[in-house]
Amino acid sequence: MEEMKNYKRADLHMHSTFSDGTKTPEELVRLAKGNGVELISLTDHDVVEGLSSMRDAALRAGIDFVNGIELSAGFADKPIHVVGLGFDETNPELLKQLEDTQTKRKQRAVEIGRKLEAQGFKGIAEGVYTKVSNPSLVSRSHFAAWMLENGCVKNSNEAFMNWLNPGAPGYVPIEKISVPQAVELILGAGGIPVLAHLGRYKLDEWKIQELINLFKEAGGVALEVTTGSHNAKQTQAVLELVRSQRWYASTGSDYHYDTSRYLPGLQGDLPSDLMPVWTLLGNKINSNLRQ
Ligand code: AMP
Ligand code: MN
Ligand code: MN
Ligand code: MN
């Protein structure tokens with residue numbers, strides 16, 4: 001058996017123009033390579049279309065690649081993100097669910113557009129599509145981008161707080177799969193489920209443990225520790241959990257655009273005492289996994 005590589009630097013969470021990022025997979029690889037990344041994944045929201053370009057670009061650049069995705073799930077009325085790594089991107093059950101999620105996103109976008117037009121954002125219902133780079137994947141981020149471009153908000157956080165988040169006038173709920181369903185889809189496609197940016201969810205401590213238990217019972221094995229979606233305190237809290245409960249650890253910048261907290265690869269390497277998730281990925285690395 002080939003010996004498992006120990007990567008000094010990995011980035012297993014980032015977004016491209018195939019979802020709500022502003023860089024192409026090729027540009028992401030260039031940025032990551034420049035920052036010393038040795039193993040990369042692309043984890044666009046609810047789509048797999050960017051994976052083949054990312055794989056080709058990574059292999060050309062001489063860095064290792066593994067398939068990724070970030071599935072939108074729900075728990076206790078909160079959006080929870082489950083990352084999948086090293087799965088078969090042609091798995092029919094997974095693709096069927098992605099299509100369903102994409103359709104619901106499109107329907108939600110029409111309603112968000114209608115609500116925001118009624119709030120005085122003239123032209124947003126149509127205009128948002130100038131910000132959407134993959135017609136299969138429309139996100140609240142694209143509405144925030146339109147608002148920013150049209151000078152309606154100072155930054156995208158303001159767009160979410162004032163207009164797009166629950167309780168705000170442009171909020172439209174969307175039906176989501178459960179966390180166990182997300183885990184099962186990834187496992188069913190031969191992948192490794194990772195609970196994304198756990199420190200970011202605004203849940204009581206006992207609810208967090210309930211979420212983790214649910215994730216584990218369904219077959220989840222890894223938590224993201226260093227991520228662009230955690231501040232230092234949140235990273236510390238998850239790090240303690242990972243050490244005390246012996247979880248596998250993942251890491252990723254969650255890079256979307258130039259104003260993201262970290263550029264690809266710069267989210268902070270995993271502490272060396274942790275069990276990195278890539279020890280589970282084995283021959284899924286640099287494979288296209290198509291059957
Ligand atoms: P959606 O999946 O369409 O509901 O949109 C969620 C996406 O919006 C996330 O993946 C983030 O990229 C982005 N997002 C969520 N909250 C904020 C925020 N407060 N500021 C900026 N971007 C955000
Ligand atoms: Mn996003
Ligand atoms: Mn996320
Ligand atoms: Mn993300």
Side-chain angles (χ1 to χ4, degrees), residues 10-25 28 31-32 40-51 54 66-75 78-85 98 101-102 105 108-109 112 128 131-134 136-148 155-157 159-161 164-166 174 176-177 179 182-183 186 191 193-203 208 211 215 220 222-231 234-235 238 250-268 277:
D11 190 336
L12 302 177
H13 188 152
M14 67 183 75
H15 299 271
S16 77
T17 45
F18 286 91
S19 66
D20 59 348
T22 56
K23 298 282 198 286
T24 62
L28 290 171
L31 287 168
I40 194 170
S41 185
L42 176 66
T43 55
D44 275 316
H45 299 284
D46 305 312
V47 293
V48 293
E49 280 109 314
L51 296 178
M54 180 71 127
V66 70
N67 273 353
I69 193 162
E70 185 171 24
L71 296 179
S72 307
F75 171 77
K78 302 273 186 204
I80 304 295
H81 289 170
V82 178
V83 161
L85 297 173
L98 295 182
T101 302
Q102 290 160 14
R105 282 178 165 280
R108 177 185 64 164
I112 295 176
V128 68
K131 307 308 294 175
V132 172
S133 36
N134 175 1
S136 306
L137 203 285
V138 44
S139 160
R140 284 182 297 160
S141 304
H142 299 119
F143 285 93
W146 185 94
M147 288 183 186
L148 196 58
N155 52 53
S156 45
N157 190 47
F160 276 88
M161 300 303 249
L164 299 167
N165 275 345
I174 186 165
K176 295 198 174 92
I177 56 173
V179 168
V183 170
I186 294 160
V194 179
L195 192 52
H197 43 63
L198 177 65
R200 193 177 94 180
Y201 304 130
K202 293 189 176 62
L203 294 165
I208 288 282
L211 169 62
F215 177 69
L223 306 183
E224 271 185 355
V225 179
T226 47
T227 151
S229 282
H230 281 164
N231 60 31
Q234 293 165 337
T235 297
V238 179
S250 191
T251 180
S253 58
D254 208 356
Y255 178 82
H256 286 71
Y257 20 66
D258 289 338
T259 52
S260 292
R261 199 184 312 226
Y262 296 113
L263 287 165
L266 300 186
Q267 71 280 1
V277 69

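Counting starts at 1 for both ligands and their atoms, in listed order.
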| request: Could you grab the protein N, O or S atoms closer than 2.8 Å to the Mn ion (ligand 4) for me? | output: His13 NE2, His15 NE2, Glu70 OE1, Asp254 OD1
Has the side chain of [X] got a donor or acceptor atom that lies under 3.5 Å from a matching backbone atom of [Y]?
X	Y	value
Gln267	Thr226	no
Ser41	Val66	yes
Asp44	Ser16	yes
Arg105	Leu137	no

| remark: Answer key: the N, O or S atom of Asp20 nearest to the Mn ion (ligand 2) is OD2
| In Å and rounded to the nearest 0.5 Å, what is the NE2 to NE2 distance from His13 to His81? |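 His13 atom NE2 to His81 atom NE2 measures 8.0 Å (nearest 0.5 Å).
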| query | Which heavy atom of Leu31 sits nearest a heavy atom of Lys23, and at what distance? | reply |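 Shortest heavy-atom separation between Leu31 and Lys23 comes out as CD1-CE, 3.9 Å.
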